[in-house]
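Residue numbers begin at 1 in each chain, while the letters A, B, ... track the order of the sequences.
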Amino acid sequence: MTPFTEKVISIIRDIPEGRVMTYGQIASLAGNHRAARQVARILHSMSKKQRLPWYRVVNANGQIVIKDDTAYNEQILNLQIEGVKVDHNGTVDLEKYRLQL
DNA sequence: CCATTGACTCGGA
DNA sequence: GTCCGAGCCAATG
């Protein structure tokens, strides 16, 4: 692991309910604003081994972009449970739910 | 160890 | 609004 990875994980764990963050935002906080992809990758691999609210992470457009359909639906479901509205495109209102720092 | 991949992002046309 | 190209770098094989 790298400090970057751990930082990303801790940041994600701190995302409160009903809020979301973008990959780029997290990457930036973790030290590399260009490591958005790694953030995504970390989620992909870590979510299998740890409990992370990975579903609170969306891309820069507030849209859920994920290949695995099962996880995709799961993400939307979890967000809705927390009160985040997701439209039929799998997009959330960033202006409203994005966690500002 | 080297090569490929990818839940991304940004800027330009 | 769209499409394209390039950057970035950890994880995987």
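With sequence neighbours left out, the side-chain hydrogen bond (donor to acceptor under 3.5 Å, both in side chains) criterion links A/Tyr55 to A/Glu82.
When hydrophobic clusters are built by joining Ile, Leu, Val, Met, Phe, Trp and Tyr residues whose side-chain heavy atoms come closer than 4.5 Å, directly or via intermediates, A/Val58 is not grouped with A/Val65.
How far CG of A/Asp68 is from CG of A/Asn73: 9.0 Å, rounded to the nearest 0.5 Å. Here CG of A/Asn32 is found 13.5 Å from CD1 of A/Ile26. Values are rounded to the nearest 0.5 Å.
Put simply, the side chain of A/Asn89 reaches to within 4.5 Å of the side chain of A/Gln63, judged on heavy atoms. A/Tyr97 places none of its side-chain heavy atoms less than 4.5 Å from the side chain of A/Arg56.
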For a quick test of your reading: what N or O donor-acceptor pairs under 3.5 Å do the side chains of residues 5-22 of chain A make, sequence neighbours left out?
unit_1	atom_1	unit_2	atom_2	d
A/Thr5	OG1	A/Thr2	OG1	3.0
A/Ser10	OG	A/Lys7	O	2.9
A/Thr22	OG1	A/Gln25	N	3.1

Quick one: side chains of residues 35-47 of chain A, donor-acceptor pairs under 3.5 Å with protein atoms, not counting sequence neighbours, listed by atom name and distance.
unit_1	atom_1	unit_2	atom_2	d
A/Ser45	OG	A/Arg41	O	3.2
A/Ser45	OG	A/Ile42	O	3.3
A/Ser47	OG	A/Leu43	O	2.7
A/Ser47	OG	A/His44	O	3.4

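Scanning both residues, A/Gly90 and A/Tyr72, for their nearest heavy atoms gives CA-OH, 3.4 Å.
Within residues 11-18 of chain A, no residue approaches DNA chain B, by heavy-atom distance under 4.0 Å. Applying a 4.0 Å cut-off to non-hydrogen atoms, the residues of residues 59-85 of chain A that approach DNA chain B are A/Asn59, A/Ala60, A/Val65, A/Ile66, A/Lys67, listed by residue number.
Rounded to whole Å, the distance from NE2 on A/His44 to P on B/dT4 is 20 Å.
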Reading nucleotides 6-13 of chain C 5' to 3', which nucleotides get B (base under 4.0 Å from a protein heavy atom), which S (sugar-phosphate only), which -?
-BBBBSS-
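Formation of a donor-acceptor pair under 3.5 Å by the A/Asp93 side chain with backbone atoms of A/Glu95 is found in this model.
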